[in-house]
Amino acid sequence: MIIQTKNLWKTYGSGDTQVNALRGVDLTVNKGDFLALVGPSGCGKSTLLHMLGAMDTPSRGEIMLEGRELGKLGEGQLTDVRLERLGFIFQTFNLVPTLNALENVMLPMKFAGISRREAKQKALCLLDMVGLKERTRHLPAQMSGGQRQRVAIARALANDPALILADEPTGNLDSENSEKIMELLQNLNRKGRTIVMVTHNPELAERVNRVVYMKDGQLAELQRNTKDIQSA
Ligand SMILES: Nc1ncnc2c1ncn2[C@@H]1O[C@H](COP(=O)(O)OP(=O)(O)O)[C@@H](O)[C@H]1O
Ligand SMILES: [Mg+2]
């Protein structure tokens with residue numbers, strides 16, 4: 001098991017405007033899972049992903065990441081966890097606009113204290129892996145959405161995370177680029193990467209090995225092996 005939530009609640013606001021975004025979520029993600037978290041807009045998917053990513057704290061309940069309870073870690077330890085154990089991929093890519101592809105991928109390694117030389121070598125390797133060998137000096141604005149997302153995936157892998165968290169990673173892409181990103185994520189999973197992907201696209205959910213449905217802040221149904229991509 002990589003990450004587990006126990007009776008997770010998240011309440012935003014207070015009084016009349018109070019929203020229970022998560023209402024008792026128990027979720028276990030195992031090593032090697034490619035899990036799709038599916039559900040309608042507003043059901044709490046991003047909220048849950050933020051909790052898994054140690055980017056926000058629950059109102060109640062606990063989260064165990066690789067045997068450590070996140071709620072018991074200090075701010076410095078949480079920063080290290082985010083930087084070294086987790087990789088994030090966002091719908092809007094979130095690249096640093098003033099840095100080129102290579103520098104964007106090097107950034108998390110720089111923060112983790114890895115030498116410039118080693119970081120550069122690894123970043124080049126990762127960019128090659130996502131098919132961007134020829135684009136390492138391009139700025140985000142000089143790349144297509146699909147290329148930007150591939151840079152973001154390379155960046156997410158920089159510090160060899162235990163868990164990759166992706167929030168609607170193909171939400172801003174056309175179908176051709178979505179397809180490329182899905183193939184890339186499936187390949188990473190086949191190589192042993194554990195991925196939790198938020199999507200509201202049921203077709204994408206056909207391509208992962210676990211689908212978890214979410215509704216009104218609860219996991220409505222824990223389900224099926226759509227196909228055994230581990231053995232592919
Ligand atoms: N920062 C916030 N403050 C207040 N309410 C929020 C906040 N973030 C999310 N919500 C509310 O929590 C619920 C779940 O939101 P979210 O997790 O973003 O859903 P999803 O990602 O499934 O669309 C929604 O009702 C949303 O309006
Ligand atoms: Mg969302």
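One-based numbering, in listed order, for ligands and for the atoms of each. Along the sequence shown, residues are numbered consecutively beginning with 1.
Summarising the local packing, CD of Q18 is surrounded by more than 12 heavy atoms from other residues, nucleotides or ligands at distances under 6.0 Å.
For a heavy-atom separation below 4.0 Å, the residues in contact with ligand 1 are Y12, V19, A21, P40, S41, G42, C43, G44, K45, S46, T47.
Looking only at distances, no side-chain donor or acceptor of R23 sits under 3.5 Å from a matching main-chain atom of Q218. When atom types are taken as modelled, the side chain of K45 and the backbone of P40 share a donor-acceptor pair closer than 3.5 angstrom.
Looking at R150 and E183, no side-chain N of the basic residue comes within less than 4.0 Å of a carboxylate O on the acidic one, giving no salt bridge. In this structure, E69 does not pair ionically with K6, as no charged nitrogen and carboxylate oxygen lie closer than 4.0 Å.
Residue contacts to the Mg ion (ligand 2): S41 brings no N, O or S atom closer than 2.8 Å.
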May I have the list of side-chain donor-acceptor pairs in residues 83-91 shorter than 3.5 Å, sequence neighbours left out?
residue: R85; atom: NE; partner: E66; partner atom: OE1; Å: 2.8
residue: R85; atom: NH2; partner: E66; partner atom: OE2; Å: 2.8
residue: Q91; atom: NE2; partner: N172; partner atom: OD1; Å: 3.1

